[in-house]
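Below is one structure, written out as structure tokens; the observations come after it.
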Amino acid sequence: MNDKEYDKLLQAASAKLGSSPEKLRQTLEKGDIAALSAGLSKADKAKLRAVLNDKELMAKLKSASSPQEIMGMLGKL
């Protein structure tokens with residue numbers, strides 16, 4: 001995934017999380033999962049934990065070629 005695609009993904013995810021793309025980028029770079037999930041409902045927090053704990057899914061997400069592919073994978077959860 002190139003920088004432009006990563007920025008698109010950050011924009012889409014930050015809108016869902018009620019955050020700015022820059023704040024989300026900083027949170028991800030720090031690895032601060034608690035801050036990332038602070039604004040989520042209990043159900044969404046559980047989904048996030050499930051994704052982060054699924055090594056196979058994480059490998060697929062990391063190898064995705066586009067934000068659309070990532071969103072498609074996550075939309076199936």
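Model, not experiment: these values are computed from the prediction. Only heavy atoms go into these numbers, but all of them, side chains included; no hydrogens, no water, no symmetry mates.
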Looking at side-chain heavy atoms only, is the closest gap between Ser20 and Ser14 below 4.5 Å?
-> no

Item checked: Residues, nucleotides or ligands: over 12 heavy atoms within 6.0 Å of Lys8 NZ -> no

Leu9 and Met71 have their tightest heavy-atom pair at CD1-SD, 3.7 Å

On a heavy-atom basis, the closest approach of Met73 and Leu61 is SD-CD2, 3.8 Å

Problem - Check: Arg25 and Asp7 side chains under 4.5 Å, non-hydrogen atoms - result: yes

Interatomic distance, CG@Leu24 vs CD@Glu29, rounded to 0.5 Å, equals 10.0 Å

For residues 48-61, the salt bridge (Lys or Arg N to Asp or Glu O under 4.0 Å) pairs (sequence neighbours left out) are Glu56-Lys60

Between Ser66 and Glu5, the two heavy atoms sitting closest are CB-OE2, 4.1 Å

To the nearest 0.5 Å, atom CG of Leu74 lies from atom CD of Glu69 at 10.5 Å

In this structure, CE of Met58 is separated from NZ of Lys62 (nearest 0.5 Å) by 5.5 Å

In this structure, CD1 of Ile70 is separated from OH of Tyr6 (nearest 0.5 Å) by 9.5 Å

Side chain to side chain contact (heavy atoms under 4.5 Å, CB included) filter on Ser41, not counting sequence neighbours, yields Ala43, Asp44

